[in-house]
Amino acid sequence: MKKIIASVKGTRDFYPEQMAVRTWLYNSLRKVSESFGYQEYEAPFLETLELYAAKSGEELVKEQSYVFEDRSGDMIALRPELTPSLARMIAQKQNELTFPVRWWSFGPFWRYERPQKGRSREFFQWNIDLLGPSSPESDAELVAIAANFFKQIGLSPKNTRIYVNNRRLMESRFDQLGFSAEIRPIVSNLVDRRGKLSSEKWEAFAYEVGLTTSQLAGLKDLLADKELWRESEDLVRLFKVIDSMGISEYVEFDPNIMRGLLYYTGTVFEAFDVTGSVRRSILGGGRYDNLLADVGGDSLPCVGFAMGDVVISLVLQEYGLVPTFDTTPAQVLVTVFSEEFLPDSFALAAELRKGGVNAICYPESQKLNKQFKYADRMRIRMVLVVGPDETSHKQVTIKDLVQGTQQTAERAKAARAVKDMLA
RNA sequence: GUGGCUGUAGCUCAAUGGCGGAGCAUCGCACUGUGGAUGCGAGGGUUGUGGGUUCGACCCCCAUCAGCCACCCCA
(Lines give C-alpha, C1' and ligand atoms only; values in the text may rest on other atoms or scores of the structure.)
Protein backbone atom coordinates (compact mmCIF):
# COMPACT_ATOMS: atom_id res chain seq x y z
CA MET A 1 0.00 0.00 0.00
CA LYS A 2 1.33 3.40 -0.96
CA LYS A 3 1.63 5.88 1.83
CA ILE A 4 -0.64 8.86 1.33
CA ILE A 5 -0.12 11.75 3.67
CA ALA A 6 -3.19 11.91 5.88
CA SER A 7 -5.54 14.88 5.90
CA VAL A 8 -5.90 16.94 9.06
CA LYS A 9 -8.19 15.24 11.55
CA GLY A 10 -11.73 16.53 11.43
CA THR A 11 -11.43 18.13 7.99
CA ARG A 12 -13.38 16.93 4.97
CA ASP A 13 -12.36 16.69 1.34
CA PHE A 14 -14.94 18.07 -1.03
CA TYR A 15 -14.67 15.99 -4.19
CA PRO A 16 -16.72 17.42 -7.09
CA GLU A 17 -19.81 15.45 -6.02
CA GLN A 18 -19.68 16.80 -2.46
CA MET A 19 -18.73 20.25 -3.66
CA ALA A 20 -21.85 20.28 -5.83
CA VAL A 21 -23.94 19.50 -2.74
CA ARG A 22 -22.26 22.26 -0.74
CA THR A 23 -22.88 24.71 -3.56
CA TRP A 24 -26.50 23.62 -3.75
CA LEU A 25 -26.87 24.22 -0.02
CA TYR A 26 -25.20 27.60 -0.42
CA ASN A 27 -27.54 28.54 -3.27
CA SER A 28 -30.59 27.38 -1.31
CA LEU A 29 -29.81 29.48 1.73
CA ARG A 30 -28.80 32.39 -0.46
CA LYS A 31 -32.19 32.25 -2.12
CA VAL A 32 -34.02 32.32 1.20
CA SER A 33 -31.77 35.01 2.68
CA GLU A 34 -32.27 37.23 -0.33
CA SER A 35 -36.03 36.63 -0.42
CA PHE A 36 -36.08 38.34 2.98
CA GLY A 37 -33.87 41.14 1.65
CA TYR A 38 -30.69 40.21 3.52
CA GLN A 39 -27.27 41.26 2.15
CA GLU A 40 -24.31 38.90 1.91
CA TYR A 41 -21.09 39.80 3.74
CA GLU A 42 -17.93 38.08 4.91
CA ALA A 43 -15.57 38.53 7.86
CA PRO A 44 -11.92 37.49 8.24
CA PHE A 45 -11.16 33.84 8.98
CA LEU A 46 -8.46 35.04 11.38
CA GLU A 47 -9.28 37.23 14.36
CA THR A 48 -7.43 38.28 17.49
CA LEU A 49 -8.09 35.94 20.37
CA GLU A 50 -9.13 39.00 22.33
CA LEU A 51 -12.29 39.33 20.24
CA TYR A 52 -13.66 36.08 21.62
CA ALA A 53 -12.22 36.25 25.10
CA ALA A 54 -15.00 38.12 26.85
CA LYS A 55 -18.05 37.24 24.83
CA SER A 56 -18.10 33.64 23.74
CA GLY A 57 -18.48 30.75 26.13
CA GLU A 58 -15.37 29.93 28.09
CA GLU A 59 -15.14 26.40 26.70
CA LEU A 60 -15.43 27.68 23.14
CA VAL A 61 -12.46 30.01 23.59
CA LYS A 62 -10.17 28.05 25.89
CA GLU A 63 -10.78 24.49 24.77
CA GLN A 64 -12.12 24.61 21.26
CA SER A 65 -10.40 27.43 19.44
CA TYR A 66 -7.45 26.97 17.15
CA VAL A 67 -5.03 29.56 18.52
CA PHE A 68 -1.51 30.42 17.42
CA GLU A 69 1.04 33.14 17.87
CA ASP A 70 1.91 34.97 14.66
CA ARG A 71 5.39 36.24 13.84
CA SER A 72 4.84 39.50 15.68
CA GLY A 73 3.74 37.67 18.81
CA ASP A 74 0.03 38.44 18.54
CA MET A 75 -2.40 35.74 19.63
CA ILE A 76 -4.56 34.83 16.65
CA ALA A 77 -7.58 32.52 16.49
CA LEU A 78 -9.13 30.73 13.55
CA ARG A 79 -12.67 31.95 13.93
CA PRO A 80 -14.83 29.48 15.92
CA GLU A 81 -18.00 31.51 15.31
CA LEU A 82 -19.02 34.62 13.40
CA THR A 83 -21.10 36.73 15.75
CA PRO A 84 -18.21 38.56 17.50
CA SER A 85 -16.75 39.49 14.08
CA LEU A 86 -20.15 40.75 13.00
CA ALA A 87 -20.42 42.80 16.18
CA ARG A 88 -17.00 44.29 15.51
CA MET A 89 -17.83 45.12 11.88
CA ILE A 90 -21.07 46.79 12.94
CA ALA A 91 -19.42 48.69 15.78
CA GLN A 92 -16.75 50.05 13.42
CA LYS A 93 -19.33 51.59 11.10
CA GLN A 94 -22.17 52.11 13.49
CA ASN A 95 -22.75 55.70 12.40
CA GLU A 96 -22.57 54.97 8.68
CA LEU A 97 -24.86 51.98 8.40
CA THR A 98 -28.55 52.23 7.67
CA PHE A 99 -30.55 50.36 10.27
CA PRO A 100 -32.19 47.92 10.45
CA VAL A 101 -29.22 46.00 9.05
CA ARG A 102 -30.02 42.60 7.54
CA TRP A 103 -26.90 40.55 6.74
CA TRP A 104 -26.09 36.91 5.99
CA SER A 105 -22.94 34.90 5.42
CA PHE A 106 -21.79 31.35 4.62
CA GLY A 107 -18.23 30.31 5.27
CA PRO A 108 -15.75 28.09 7.12
CA PHE A 109 -15.23 27.87 10.87
CA TRP A 110 -12.91 25.81 13.07
CA ARG A 111 -13.40 24.21 16.44
CA TYR A 112 -10.98 21.82 18.05
CA GLU A 113 -13.11 18.97 19.30
CA ARG A 114 -13.42 15.24 18.89
CA PRO A 115 -14.92 14.57 15.45
CA GLN A 116 -18.05 12.43 15.51
CA LYS A 117 -21.40 12.12 13.82
CA GLY A 118 -22.61 15.61 12.99
CA ARG A 119 -19.41 17.28 14.18
CA SER A 120 -16.15 18.06 12.40
CA ARG A 121 -13.30 20.41 13.22
CA GLU A 122 -13.67 22.39 10.03
CA PHE A 123 -17.24 23.14 9.05
CA PHE A 124 -19.32 25.64 7.12
CA GLN A 125 -21.91 27.78 8.75
CA TRP A 126 -24.76 29.96 7.63
CA ASN A 127 -25.12 33.06 9.78
CA ILE A 128 -27.99 35.49 9.42
CA ASP A 129 -28.70 38.49 11.61
CA LEU A 130 -31.07 41.41 11.96
CA LEU A 131 -29.59 44.38 13.81
CA GLY A 132 -31.29 47.46 15.15
CA PRO A 133 -34.84 46.63 16.15
CA SER A 134 -35.70 44.93 19.42
CA SER A 135 -39.27 43.96 18.60
CA PRO A 136 -40.47 40.40 19.08
CA GLU A 137 -41.61 40.65 15.47
CA SER A 138 -37.98 40.83 14.36
CA ASP A 139 -37.32 37.66 16.36
CA ALA A 140 -40.23 36.15 14.46
CA GLU A 141 -38.64 37.16 11.16
CA LEU A 142 -35.54 35.11 11.91
CA VAL A 143 -37.66 32.13 12.90
CA ALA A 144 -39.57 32.59 9.65
CA ILE A 145 -36.32 32.59 7.65
CA ALA A 146 -35.39 29.28 9.22
CA ALA A 147 -38.84 27.84 8.48
CA ASN A 148 -38.72 29.06 4.88
CA PHE A 149 -35.30 27.52 4.45
CA PHE A 150 -36.64 24.16 5.57
CA LYS A 151 -39.49 24.55 3.13
CA GLN A 152 -37.04 25.51 0.39
CA ILE A 153 -34.96 22.36 0.75
CA GLY A 154 -37.92 20.05 1.19
CA LEU A 155 -38.06 19.49 4.95
CA SER A 156 -41.68 19.48 6.06
CA PRO A 157 -43.06 20.49 9.48
CA LYS A 158 -43.63 16.78 10.06
CA ASN A 159 -39.89 16.22 10.09
CA THR A 160 -38.53 19.46 11.40
CA ARG A 161 -39.51 21.72 14.25
CA ILE A 162 -38.20 25.05 15.52
CA TYR A 163 -38.50 25.27 19.29
CA VAL A 164 -38.72 28.73 20.79
CA ASN A 165 -38.22 29.98 24.33
CA ASN A 166 -37.34 33.20 26.07
CA ARG A 167 -34.53 33.60 28.54
CA ARG A 168 -36.13 36.50 30.40
CA LEU A 169 -39.28 34.48 30.94
CA MET A 170 -37.24 31.59 32.29
CA GLU A 171 -35.13 33.81 34.49
CA SER A 172 -38.15 35.34 36.14
CA ARG A 173 -39.39 31.82 36.83
CA PHE A 174 -36.00 30.82 38.16
CA ASP A 175 -36.24 33.82 40.51
CA GLN A 176 -39.56 32.58 41.79
CA LEU A 177 -38.02 29.17 42.44
CA GLY A 178 -35.29 30.85 44.47
CA PHE A 179 -32.30 30.01 42.26
CA SER A 180 -29.44 32.28 43.21
CA ALA A 181 -27.40 34.11 40.61
CA GLU A 182 -24.50 31.68 41.07
CA ILE A 183 -26.42 28.54 40.26
CA ARG A 184 -28.42 30.10 37.42
CA PRO A 185 -25.93 28.95 34.74
CA ILE A 186 -25.86 25.51 36.32
CA VAL A 187 -29.63 25.36 36.14
CA SER A 188 -29.51 26.44 32.49
CA ASN A 189 -27.07 23.65 31.82
CA LEU A 190 -29.32 21.26 33.73
CA VAL A 191 -32.26 22.25 31.54
CA ASP A 192 -30.13 21.84 28.43
CA ARG A 193 -29.26 18.27 29.37
CA ARG A 194 -32.75 17.13 30.16
CA GLY A 195 -33.40 15.51 26.81
CA LYS A 196 -30.12 13.65 26.89
CA LEU A 197 -30.41 11.88 30.23
CA SER A 198 -32.97 9.44 31.64
CA SER A 199 -35.30 11.11 34.11
CA GLU A 200 -33.70 9.29 37.08
CA LYS A 201 -30.22 10.32 36.08
CA TRP A 202 -31.36 13.85 35.40
CA GLU A 203 -32.96 14.13 38.83
CA ALA A 204 -29.89 12.71 40.50
CA PHE A 205 -27.81 15.29 38.67
CA ALA A 206 -30.20 18.03 39.82
CA TYR A 207 -29.73 17.08 43.47
CA GLU A 208 -26.00 16.85 42.89
CA VAL A 209 -25.81 20.49 41.78
CA GLY A 210 -27.73 21.53 44.88
CA LEU A 211 -31.42 21.78 44.06
CA THR A 212 -33.90 21.18 46.87
CA THR A 213 -36.77 18.76 46.45
CA SER A 214 -39.28 21.58 46.09
CA GLN A 215 -37.04 23.43 43.62
CA LEU A 216 -36.76 20.30 41.50
CA ALA A 217 -40.53 19.79 41.60
CA GLY A 218 -41.03 23.40 40.62
CA LEU A 219 -38.52 23.13 37.81
CA LYS A 220 -40.20 20.01 36.45
CA ASP A 221 -43.59 21.73 36.50
CA LEU A 222 -42.04 24.72 34.76
CA LEU A 223 -40.47 22.63 32.00
CA ALA A 224 -43.70 20.71 31.46
CA ASP A 225 -45.79 23.85 31.08
CA LYS A 226 -46.45 24.14 27.35
CA GLU A 227 -48.68 27.18 27.92
CA LEU A 228 -46.05 29.19 29.76
CA TRP A 229 -45.41 31.37 26.69
CA ARG A 230 -48.76 33.08 27.25
CA GLU A 231 -47.20 34.84 30.23
CA SER A 232 -44.47 36.44 28.09
CA GLU A 233 -45.65 39.42 26.07
CA ASP A 234 -42.70 38.95 23.74
CA LEU A 235 -43.61 35.35 22.99
CA VAL A 236 -47.30 36.15 22.58
CA ARG A 237 -46.42 38.76 19.97
CA LEU A 238 -43.87 36.45 18.33
CA PHE A 239 -46.32 33.60 17.93
CA LYS A 240 -48.97 35.95 16.61
CA VAL A 241 -46.68 37.02 13.75
CA ILE A 242 -45.49 33.46 13.17
CA ASP A 243 -49.13 32.56 12.75
CA SER A 244 -49.84 35.47 10.40
CA MET A 245 -46.91 34.42 8.19
CA GLY A 246 -48.38 30.95 7.85
CA ILE A 247 -45.49 29.00 9.31
CA SER A 248 -46.90 28.02 12.70
CA GLU A 249 -46.69 24.34 11.81
CA TYR A 250 -42.91 24.61 11.97
CA VAL A 251 -42.77 26.48 15.26
CA GLU A 252 -43.45 25.38 18.81
CA PHE A 253 -42.89 26.76 22.30
CA ASP A 254 -40.52 24.68 24.42
CA PRO A 255 -39.34 25.80 27.87
CA ASN A 256 -36.47 23.31 27.66
CA ILE A 257 -34.57 25.35 25.07
CA MET A 258 -31.89 27.44 26.83
CA ARG A 259 -28.82 27.60 24.52
CA GLY A 260 -25.26 27.51 25.71
CA LEU A 261 -23.77 30.77 24.50
CA LEU A 262 -23.56 33.45 27.13
CA TYR A 263 -24.58 36.41 25.06
CA TYR A 264 -28.23 35.52 24.44
CA THR A 265 -30.56 37.87 26.28
CA GLY A 266 -34.17 37.22 25.24
CA THR A 267 -35.81 34.96 22.70
CA VAL A 268 -33.84 31.81 21.90
CA PHE A 269 -34.66 29.08 19.40
CA GLU A 270 -33.29 25.83 18.10
CA ALA A 271 -34.41 23.54 15.28
CA PHE A 272 -34.42 19.75 15.44
CA ASP A 273 -35.21 16.78 13.27
CA VAL A 274 -38.21 15.24 15.05
CA THR A 275 -38.82 11.99 13.18
CA GLY A 276 -35.34 10.90 12.09
CA SER A 277 -32.34 9.63 14.02
CA VAL A 278 -30.32 12.86 14.13
CA ARG A 279 -30.43 14.18 17.68
CA ARG A 280 -28.26 17.25 17.29
CA SER A 281 -29.72 20.67 16.68
CA ILE A 282 -29.86 21.73 13.05
CA LEU A 283 -29.64 25.42 13.78
CA GLY A 284 -29.80 27.69 16.79
CA GLY A 285 -29.99 31.35 17.59
CA GLY A 286 -31.68 34.10 19.48
CA ARG A 287 -31.59 37.65 20.66
CA TYR A 288 -28.29 39.14 21.88
CA ASP A 289 -28.85 42.76 22.84
CA ASN A 290 -25.62 43.39 24.79
CA LEU A 291 -22.94 42.14 22.46
CA LEU A 292 -22.38 45.36 20.52
CA ALA A 293 -21.71 47.30 23.70
CA ASP A 294 -19.41 44.50 24.85
CA VAL A 295 -17.12 44.91 21.85
CA GLY A 296 -17.01 48.67 22.27
CA GLY A 297 -19.90 49.88 20.15
CA ASP A 298 -23.05 51.67 21.18
CA SER A 299 -25.65 49.33 22.59
CA LEU A 300 -27.65 47.78 19.76
CA PRO A 301 -30.38 45.14 19.79
CA CYS A 302 -29.60 42.11 17.57
CA VAL A 303 -31.17 38.80 16.69
CA GLY A 304 -29.78 36.02 14.53
CA PHE A 305 -29.06 32.34 14.12
CA ALA A 306 -26.40 30.00 12.79
CA MET A 307 -26.68 26.70 10.96
CA GLY A 308 -23.78 24.31 10.41
CA ASP A 309 -23.52 22.36 7.17
CA VAL A 310 -22.82 19.00 8.81
CA VAL A 311 -26.05 18.30 10.70
CA ILE A 312 -28.35 19.66 8.00
CA SER A 313 -26.56 17.45 5.48
CA LEU A 314 -27.12 14.39 7.67
CA VAL A 315 -30.80 15.22 8.01
CA LEU A 316 -31.22 15.81 4.28
CA GLN A 317 -29.46 12.54 3.51
CA GLU A 318 -31.70 10.69 5.91
CA TYR A 319 -34.79 11.91 4.10
CA GLY A 320 -33.26 11.44 0.65
CA LEU A 321 -33.53 15.16 -0.05
CA VAL A 322 -30.03 15.68 -1.37
CA PRO A 323 -30.27 16.01 -5.16
CA THR A 324 -27.71 14.30 -7.36
CA PHE A 325 -25.79 16.53 -9.68
CA ASP A 326 -24.01 16.17 -12.99
CA THR A 327 -20.62 17.41 -12.00
CA THR A 328 -19.18 17.72 -15.48
CA PRO A 329 -19.86 21.13 -16.94
CA ALA A 330 -18.77 19.95 -20.40
CA GLN A 331 -21.60 19.48 -22.85
CA VAL A 332 -19.36 18.16 -25.59
CA LEU A 333 -16.31 15.94 -25.97
CA VAL A 334 -14.33 16.43 -29.15
CA THR A 335 -12.52 13.20 -29.95
CA VAL A 336 -9.05 12.94 -31.44
CA PHE A 337 -9.07 10.62 -34.44
CA SER A 338 -5.31 10.17 -34.55
CA GLU A 339 -2.11 11.98 -33.74
CA GLU A 340 -2.30 14.23 -36.84
CA PHE A 341 -5.79 15.39 -35.96
CA LEU A 342 -4.85 16.75 -32.53
CA PRO A 343 -4.52 20.40 -33.66
CA ASP A 344 -7.74 20.20 -35.63
CA SER A 345 -9.70 18.70 -32.75
CA PHE A 346 -8.40 21.37 -30.40
CA ALA A 347 -9.41 23.96 -32.99
CA LEU A 348 -12.92 22.52 -33.17
CA ALA A 349 -13.25 22.60 -29.38
CA ALA A 350 -12.14 26.24 -29.42
CA GLU A 351 -14.76 27.05 -32.07
CA LEU A 352 -17.45 25.38 -29.97
CA ARG A 353 -16.49 27.42 -26.89
CA LYS A 354 -16.58 30.56 -28.99
CA GLY A 355 -20.09 29.52 -29.99
CA GLY A 356 -21.15 29.23 -26.34
CA VAL A 357 -20.79 25.47 -25.85
CA ASN A 358 -18.79 23.99 -22.96
CA ALA A 359 -16.35 21.70 -24.67
CA ILE A 360 -13.56 19.30 -23.77
CA CYS A 361 -11.06 18.08 -26.30
CA TYR A 362 -9.61 14.64 -25.57
CA PRO A 363 -6.03 15.60 -24.73
CA GLU A 364 -4.18 12.82 -26.56
CA SER A 365 -4.56 10.35 -29.35
CA GLN A 366 -6.38 7.23 -28.15
CA LYS A 367 -8.67 4.54 -29.47
CA LEU A 368 -12.06 6.03 -30.22
CA ASN A 369 -13.88 3.55 -28.00
CA LYS A 370 -11.80 4.69 -25.08
CA GLN A 371 -12.72 8.28 -25.79
CA PHE A 372 -16.40 7.43 -26.08
CA LYS A 373 -16.21 5.49 -22.85
CA TYR A 374 -14.66 8.52 -21.17
CA ALA A 375 -17.53 10.72 -22.35
CA ASP A 376 -20.02 8.18 -21.09
CA ARG A 377 -18.39 7.91 -17.66
CA MET A 378 -18.09 11.66 -17.32
CA ARG A 379 -21.71 12.05 -18.36
CA ILE A 380 -20.80 14.31 -21.26
CA ARG A 381 -23.79 14.22 -23.52
CA MET A 382 -22.39 14.96 -26.98
CA VAL A 383 -19.40 13.39 -28.69
CA LEU A 384 -17.92 14.93 -31.83
CA VAL A 385 -15.75 13.07 -34.32
CA VAL A 386 -13.57 14.73 -36.93
CA GLY A 387 -11.71 12.10 -38.92
CA PRO A 388 -10.59 11.81 -42.55
CA ASP A 389 -14.16 11.31 -43.86
CA GLU A 390 -15.55 14.37 -42.07
CA THR A 391 -12.59 16.54 -42.95
CA SER A 392 -12.84 15.77 -46.67
CA HIS A 393 -16.48 16.93 -46.66
CA LYS A 394 -15.90 19.84 -44.23
CA GLN A 395 -18.23 18.12 -41.77
CA VAL A 396 -18.33 16.85 -38.20
CA THR A 397 -20.11 13.81 -36.78
CA ILE A 398 -22.17 14.50 -33.67
CA LYS A 399 -23.39 11.70 -31.45
CA ASP A 400 -25.91 12.20 -28.65
CA LEU A 401 -25.03 9.64 -25.98
CA VAL A 402 -28.35 10.04 -24.18
CA GLN A 403 -30.51 9.55 -27.30
CA GLY A 404 -28.06 7.21 -28.95
CA THR A 405 -28.53 9.11 -32.21
CA GLN A 406 -25.90 10.40 -34.57
CA GLN A 407 -25.85 12.96 -37.35
CA THR A 408 -23.46 15.00 -39.43
CA ALA A 409 -23.27 18.76 -39.61
CA GLU A 410 -21.31 21.36 -41.47
CA ARG A 411 -18.06 21.95 -39.71
CA ALA A 412 -18.58 25.72 -39.73
CA LYS A 413 -21.97 25.33 -38.02
CA ALA A 414 -20.98 22.74 -35.45
CA ALA A 415 -21.78 24.91 -32.39
CA ARG A 416 -25.23 25.75 -33.78
CA ALA A 417 -25.93 22.07 -34.53
CA VAL A 418 -24.86 21.00 -31.04
CA LYS A 419 -27.07 23.64 -29.43
CA ASP A 420 -30.04 22.51 -31.49
CA MET A 421 -29.49 18.92 -30.45
CA LEU A 422 -29.17 19.94 -26.80
CA ALA A 423 -32.36 21.96 -26.86
C1' G B 1 -10.15 15.45 27.99
C1' U B 2 -13.07 10.32 29.28
C1' G B 3 -15.12 5.61 27.54
C1' G B 4 -16.57 1.81 23.72
C1' C B 5 -16.20 -0.50 18.75
C1' U B 6 -13.38 -1.33 14.27
C1' G B 7 -8.69 -1.57 11.19
C1' U B 8 -7.48 -7.48 5.45
C1' A B 9 -6.92 -5.44 -2.54
C1' G B 10 -9.09 1.21 -4.94
C1' C B 11 -14.36 0.10 -2.44
C1' U B 12 -17.65 -3.47 0.42
C1' C B 13 -16.47 -7.67 3.06
C1' A B 14 -14.82 -13.34 3.84
C1' A B 15 -10.82 -16.61 5.80
C1' U B 16 -11.20 -23.13 13.23
C1' G B 17 -3.92 -20.59 15.45
C1' G B 18 -1.95 -24.27 9.76
C1' C B 19 -1.02 -22.31 1.43
C1' G B 20 -4.88 -14.75 2.50
C1' G B 21 -10.19 -15.23 -0.98
C1' A B 22 -14.90 -13.19 -3.28
C1' G B 23 -18.08 -9.34 -5.34
C1' C B 24 -17.74 -4.57 -7.34
C1' A B 25 -14.20 -1.24 -9.54
C1' U B 26 -9.66 -0.85 -12.76
C1' C B 27 -6.87 -2.50 -17.11
C1' G B 28 -6.55 -5.71 -21.57
C1' C B 29 -8.99 -8.67 -25.38
C1' A B 30 -13.50 -10.22 -28.32
C1' C B 31 -14.49 -4.71 -30.81
C1' U B 32 -8.14 -1.15 -35.59
C1' G B 33 -14.13 4.94 -36.96
C1' U B 34 -18.34 4.85 -31.72
C1' G B 35 -20.17 4.64 -24.92
C1' G B 36 -23.75 1.62 -21.84
C1' A B 37 -24.56 -4.79 -22.29
C1' U B 38 -22.15 -9.68 -22.35
C1' G B 39 -18.05 -13.13 -22.26
C1' C B 40 -12.87 -14.28 -21.42
C1' G B 41 -8.38 -12.84 -19.14
C1' A B 42 -4.89 -9.84 -16.18
C1' G B 43 -2.88 -6.73 -12.52
C1' G B 44 -3.39 -5.43 -7.58
C1' G B 45 -1.52 -7.38 -0.33
C1' U B 46 4.94 -6.62 4.43
C1' U B 47 -3.43 -8.28 6.80
C1' G B 48 -2.70 0.09 9.97
C1' U B 49 2.27 0.27 12.63
C1' G B 50 5.76 -1.73 16.44
C1' G B 51 6.64 -5.46 19.83
C1' G B 52 5.26 -10.17 22.44
C1' U B 53 3.23 -15.46 22.99
C1' U B 54 3.68 -19.87 19.69
C1' C B 55 6.83 -25.06 15.93
C1' G B 56 3.48 -21.71 13.31
C1' A B 57 -0.35 -15.34 14.13
C1' C B 58 -5.14 -11.86 9.73
C1' C B 59 -6.69 -14.64 14.20
C1' C B 60 -4.25 -14.54 21.02
C1' C B 61 -1.65 -10.51 24.31
C1' C B 62 0.61 -5.42 24.94
C1' A B 63 1.61 -0.70 22.96
C1' U B 64 0.76 2.89 19.27
C1' C B 65 -1.70 5.35 15.25
C1' A B 66 -6.12 6.07 12.47
C1' G B 67 -11.42 5.84 11.65
C1' C B 68 -16.25 5.48 13.70
C1' C B 69 -19.66 5.97 17.98
C1' A B 70 -21.04 7.95 22.77
C1' C B 71 -19.88 11.58 26.84
C1' C B 72 -18.28 16.83 27.59
C1' C B 73 -19.45 21.14 24.63
C1' C B 74 -21.80 22.90 20.58
C1' A B 75 -23.60 24.75 14.43
Side-chain angles (χ1 to χ4, degrees), chain A residues 1-12 25 29 56-65 79-83 105-128 146 188-189 192-193 196-197 201 205 258-262 264 269-272 277-286 304-315 333 335-338 341 362 365-391 396-406 408:
Chain A
M1 202 189 296
K2 296 159 287 186
K3 266 186 204 147
I4 297 170
I5 296 170
S7 56
V8 174
K9 191 187 184 82
T11 61
R12 292 163 295 161
L25 195 65
L29 57 89
S56 308
E58 185 150 320
E59 165 122 11
L60 186 58
V61 179
K62 291 195 173 147
E63 310 289 336
Q64 297 197 335
S65 290
R79 61 182 191 182
E81 58 163 337
L82 188 63
T83 308
S105 180
F106 182 73
F109 295 85
W110 296 266
R111 288 186 194 176
Y112 191 85
E113 64 181 327
R114 199 81 157 240
Q116 56 193 289
K117 195 172 187 181
R119 283 293 177 267
S120 59
R121 288 181 173 180
E122 179 178 69
F123 56 95
F124 285 76
Q125 200 180 61
W126 176 30
N127 280 264
I128 184 160
S188 295
N189 181 257
D192 243 7
R193 296 176 62 168
K196 294 171 185 166
L197 300 175
K201 278 185 179 168
F205 187 65
M258 287 302 286
R259 316 263 319 125
L261 292 174
L262 298 175
Y264 291 115
F269 55 94
E270 213 162 346
F272 288 90
S277 67
V278 181
R279 288 278 146 266
R280 290 179 182 282
S281 79
I282 298 170
L283 59 84
F305 69 82
M307 182 190 78
D309 70 312
V310 184
V311 174
I312 188 69
S313 299
L314 283 175
V315 172
L333 173 74
T335 56
V336 175
F337 188 80
S338 62
F341 282 87
Y362 204 86
S365 175
Q366 271 288 357
K367 287 181 182 172
L368 272 186
N369 71 4
K370 194 165 180 177
Q371 301 184 49
F372 270 79
K373 185 170 270 197
Y374 176 77
D376 189 49
R377 294 271 171 83
M378 294 294 289
R379 298 177 143 269
I380 300 169
R381 182 159 173 192
M382 299 289 175
V383 178
L384 268 59
V385 181
V386 267
D389 298 348
E390 289 84 359
T391 305
V396 292
T397 298
I398 306 171
K399 181 161 184 179
D400 182 332
L401 294 192
V402 175
Q403 304 287 328
T405 56
Q406 182 167 309
T408 55

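Keep in mind it's a predicted model, so treat the numbers as computed, not measured. In what follows, every chain begins at residue 1, and chains take the letters A, B, ... in the order their sequences are listed.
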Can you tell me the base-pairing partner of [N]? Count Watson-Crick or G-U wobble geometry only, both distances below 3.5 Å, and say none if there is no partner.
| N | result |
| --- | --- |
| B/A22 | B/U12 |
| B/C73 | none |
| B/U6 | B/A66 |
| B/U34 | none |
| B/G39 | B/C29 |
| B/C60 | B/G52 |

5' priority, RNA chain B, between A/Pro115 and A/Phe124 [closest heavy atom]: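 Looking at the nearest nucleotide for each, A/Pro115 comes out on the 5' side.
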
Counting C-beta onward and ignoring hydrogens, is there a side-chain heavy-atom pair between [X] and [Y] closer than 4.5 Å?
| X | Y | answer |
| --- | --- | --- |
| A/Phe337 | A/Val386 | no |
| A/Phe341 | A/Ser365 | no |
| A/Pro108 | A/Arg79 | yes |
| A/Arg114 | A/Arg119 | no |
| A/Phe372 | A/Leu333 | no |
| A/Trp110 | A/Arg121 | no |
| A/Thr335 | A/Tyr374 | no |
| A/Val402 | A/Met382 | no |

Can you measure [X] atom [atom1] to [N] atom [atom2] for me and round it to whole angstrom units?
| X | N | atom1 | atom2 | value |
| --- | --- | --- | --- | --- |
| A/Trp110 | B/A75 | CH2 | C1' | 14 Å |
| A/Arg121 | B/C73 | CZ | C1' | 14 Å |
| A/Phe269 | B/A75 | CZ | C1' | 13 Å |
| A/Glu270 | B/C74 | CD | P | 10 Å |
| A/Gln64 | B/C72 | CD | C1' | 9 Å |
| A/Arg280 | B/A75 | CZ | C1' | 10 Å |

Sidechain-backbone polar pair: A/Gln371 side chain, A/Val336 backbone, donor-acceptor under 3.5 Å: yes

Backbone N/O of A/Pro80 and side chain of A/Arg111: donor-acceptor pair under 3.5 Å: yes

Span that lies between the [atom1] atom of [M] and that of [N], in whole angstrom:
| N | M | atom1 | value |
| --- | --- | --- | --- |
| B/G52 | B/C13 | C1' | 29 Å |
| B/U12 | B/U8 | P | 8 Å |
| B/C60 | B/U38 | C1' | 47 Å |
| B/A75 | B/U16 | C1' | 49 Å |
| B/U46 | B/G50 | P | 11 Å |
| B/U47 | B/A15 | C1' | 11 Å |
| B/G4 | B/G18 | P | 29 Å |
| B/U64 | B/U6 | C1' | 16 Å |

For nucleotides 64-67 of chain B, print each protein N/O atom paired with a nucleotide N/O atom at under 3.5 Å, atom names and distance only.
{"unit_1": "B/G67", "atom_1": "OP2", "unit_2": "A/Lys9", "atom_2": "NZ", "d": "2.6"}

Cation-pi check, A/Arg279 onto A/Phe272 ring (under 6.0 Å, within 45° of axis): no

Nearest non-hydrogen partners of A/Ala375 and A/Val383, listed with the distance: CB-CG2, 3.6 Å

Minimum-distance pair of heavy atoms, taken over all atoms of A/Arg280 and A/Lys117: NE-O, 3.0 Å

Distance-only donor-acceptor check, side chains A/Thr11 and A/Glu122, under 3.5 Å: no

Sugar-phosphate, base or nothing in reach of A/Ile282, heavy atoms under 4.0 Å: sugar-phosphate

Sugar-phosphate only, base, or nothing, as touched by A/Ala306 at under 4.0 Å among non-hydrogen atoms: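 Result for A/Ala306 = sugar-phosphate.
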
Face-to-face stacking of A/Phe109 with B/A75, centres under 5.5 angstrom, angle under 30°: no

Distances for protein N/O vs nucleotides 2-5 of chain B N/O pairs under 3.5 angstrom?
{"unit_1": "B/U2", "atom_1": "O4", "unit_2": "A/Arg114", "atom_2": "NH1", "d": "3.0"}

Per-nucleotide protein contact string for nucleotides 28-36 of chain B (B base, S sugar-phosphate only, - none; heavy atom under 4.0 Å): SS---BBBB

Polar side-chain contact A/Arg111-B/C74 base: donor and acceptor under 3.5 Å: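 There is none.
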
